[in-house]
*Asks:* 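Mind having a look at this structure? Questions to follow.
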Number of protein chains: 2
Amino acid sequence: MAERRRPLSRERVVAEAVALADADGLDAVSMRALATRLDVVPMALYKHVADKEDLLDAMVEAVVASYADPPEGADWRASLRARVLAARDELGSHPWLRRAIETRARRTEAVLAHMDAAAGDLVAGGFTIDQVHHLMHVLGHRLWGFSPEAFAGEPTAIAPGADLEAVLAAAEQRFPHVVAITRDAMARRPGGSCDEGAELELALDLFLDGAARLRDTGWASG
Amino acid sequence: MAERRRPLSRERVVAEAVALADADGLDAVSMRALATRLDVVPMALYKHVADKEDLLDAMVEAVVASYADPPEGADWRASLRARVLAARDELGSHPWLRRAIETRARRTEAVLAHMDAAAGDLVAGGFTIDQVHHLMHVLGHRLWGFSPEAFAGEPTAIAPGADLEAVLAAAEQRFPHVVAITRDAMARRPGGSCDEGAELELALDLFLDGAARLRDTGWASG
DNA sequence: ATCCTAGGTGTACGGTGTACGCCAGTCAAC
DNA sequence: GTTGACTGGCGTACACCGTACACCTAGGAT
């Protein structure tokens, strides 16, 4: 039992942080909780990680580095599409990644590599560097496999156990279109939940189509 | 001096919080700091605000409620465009709004109204409810006037005062496209900074074009 | 045998949100 | 009037956070 404690290392710290986030969410990743899991005192972590920002950067880096490569020889569209969907697949096992990516500012190695690869797809597609630049902005967060949306919570402050239909009816004349959308979605899908995968693919395809048209019309910035 | 203190009210609390965020950023809005500004003890705020989430919700609500209406009689494209740009304009005086919106989950009155109005523009444009629904997802955060982008910080861990060109040269073979984009941007614009306004408008126009094409081809979900 | 150093420890500080109890004023009902 | 409830501000206290700083200890190089 004396030797039960493997020595800490940056890899071990980051891996444990990822595991902790996977299990209990990003908010559960505090330096203290992480240290406890590693059977170590909180300050010990600071020998392997500069501060919490650095830890989160490293967590994102670790997952992004594991993104699957697109199939060799795919054309630019298929390649970029595959890259985005590979990123999305990782979100399944790491739900925290979404919020973590949204709050990161530093571009670490794997992050830059992912961005560079996506830009490379566009370059391969015959876009000008200027176009590539702006299209990367348009692509935005979806490069990381998700469509960021604010206010994705409940339709409104829906009382727990309240009659949804009553709520809808009450809101109908104030927010007719929102209610119509909700009703339509409920008719198409149990509970009216949205298929995030389908949303992403639609957005992605609209993006790819728009990009191609931009290129074909010779668009340039300024 | 006895009567100098107007009584607190939810409006006054929220307005002061907005002013504080405008001045010192969102992180400066702590219950304690806000209470100090209002010359009151922290716990007094809780008589007017359920908790901090509620305060942030109310701050967002206050600003969103002030969005300018699009010109009467504009067609769906112009109307939706104007709505998004009105939202963007508010970001100028409230830089914190971006991050605040990103982290909100509750759809308050003004928030729902803005979403409903945008959906209404699309309905007016002859889209099916199904299309409107999906297009709202595609529009995503841009409905609020900004294109969310992760990793918007420094190109890489750029040493303060380091020679940028040296950094670029070093990164060139690892991230050729990213470097090419940076070089191109620097040639076009001092410092290589990006014109966020132009980015948003490009994304918006690509969206509007894509939407129209979706409609004209009779796209439906599922 | 000695020094250096990497890595884990312990304590402490200043910050956060907020639960809980108290208390002074206001105002309605008797 | 007096009373009693209600509203809104106060004070204290708690649990948690990130992390600065000083210390100690084991291992390896000299």
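Residue numbers start from 1 in every chain, and the chains themselves are labelled A, B, ... in the order their sequence lines are given, proteins ahead of strands.
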*Asks:* Residues of residues 16-30 of chain B with any non-hydrogen atom less than 4.0 angstrom from an atom of DNA chain D: list those, numerically ordered, please.
*Replies:*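 Contacting residues: none.
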*Asks:* Test A:Glu172 against A:Arg183 for salt bridge (charged side-chain N to carboxylate O under 4.0 Å, His left out), laying out the working first.
*Replies:* CA-CA 11 Å; A:Glu172 187 138 37; A:Arg183 285 232 169 84; 2.8 Å; yes
*Asks:* Do the charged groups of B:Asp205 and B:Arg81 touch, with an N to O distance under 4.0 Å?
*Replies:*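 Yes, this pair counts.
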*Asks:* Just the rounded figure in Å: distance from C1' of D:dG8 to CG of B:Leu45.
*Replies:*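 Taking atom C1' of D:dG8 as the reference, CG of B:Leu45 is at 12 Å.
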*Asks:* OP1 or OP2 of D:dT7 less than 4.0 angstrom from a side-chain nitrogen or oxygen of B:His48, does that happen here?
*Replies:*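 False: B:His48 side-chain N/O out of range (4.0 Å or more) of D:dT7 OP1/OP2.
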*Asks:* Charged N to carboxylate O below 4.0 Å: is that the case for A:Asp57 and A:Arg107?
*Replies:*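 Salt bridge absent between A:Asp57 and A:Arg107.
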*Asks:* Would you call the rings of A:His114 and A:Trp144 parallel, tilted or perpendicular, taking 30° and 60° as the class edges?
*Replies:*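 A:His114 vs A:Trp144 ring planes: tilted.
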*Asks:* Does B:Glu196, at its CD atom, have more than 12 non-hydrogen atoms belonging to other residues, nucleotides or ligands within less than 6.0 Å?
*Replies:*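 No, CD of B:Glu196 has 12 or fewer neighbouring heavy atoms, counting only those of other groups under 6.0 Å.
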*Asks:* Quick test: give all pairs of protein nitrogen or oxygen and nucleotides 19-26 of chain D nitrogen or oxygen below 3.5 Å, distance rounded to 0.1 Å.
*Replies:*
unit_1, atom_1, unit_2, atom_2, d
D:dT19, OP2, A:Tyr46, OH, 2.8
D:dT19, OP2, A:Lys52, N, 3.0
D:dT19, O5', A:Tyr46, OH, 3.4

*Asks:* Any side-chain heavy atom of A:Trp96 sitting closer than 4.5 Å to one from A:Ile101?
*Replies:*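 Sidechains of A:Ile101 and A:Trp96: no contact.
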*Asks:* So do A:Arg104 and A:Arg99 actually touch side chain to side chain, heavy atoms under 4.5 Å?
*Replies:*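 Answer no - side chains too far apart.
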*Asks:* Answer yes or no: are there more than 12 heavy-atom neighbours, outside B:Glu165 itself, under 6.0 Å from its atom CD?
*Replies:*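 Yes, enclosed.
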*Asks:* Would you list the protein and nucleotides 23-25 of chain C atom pairs, both N or O, that sit under 3.5 Å from each other?
*Replies:*
none

*Asks:* Could you check B:Ser221 against B:Asp130 for side chain to side chain donor-acceptor pair (under 3.5 Å), going step by step and ending with a plain yes or no?
*Replies:* CA-CA 7 Å; B:Ser221 75; B:Asp130 182 37; 3.0 Å; yes
*Asks:* Between B:Arg10 (CZ) and D:dT7 (C1'), how many Å, whole number?
*Replies:*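 Going from CZ in B:Arg10 over to C1' in D:dT7 covers 17 Å.
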*Asks:* Over how many whole Å does the gap from B:Leu8 atom CG to D:dC10 atom P extend?
*Replies:*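 Checked: the CG to P distance equals 9 Å.
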*Asks:* Can you confirm whether the side chains of B:Asp121 and B:Ser79 place a donor and an acceptor under 3.5 Å from each other?
*Replies:*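 Indeed, the side chains of B:Asp121 and B:Ser79 share at least one donor-acceptor pair under 3.5 Å.
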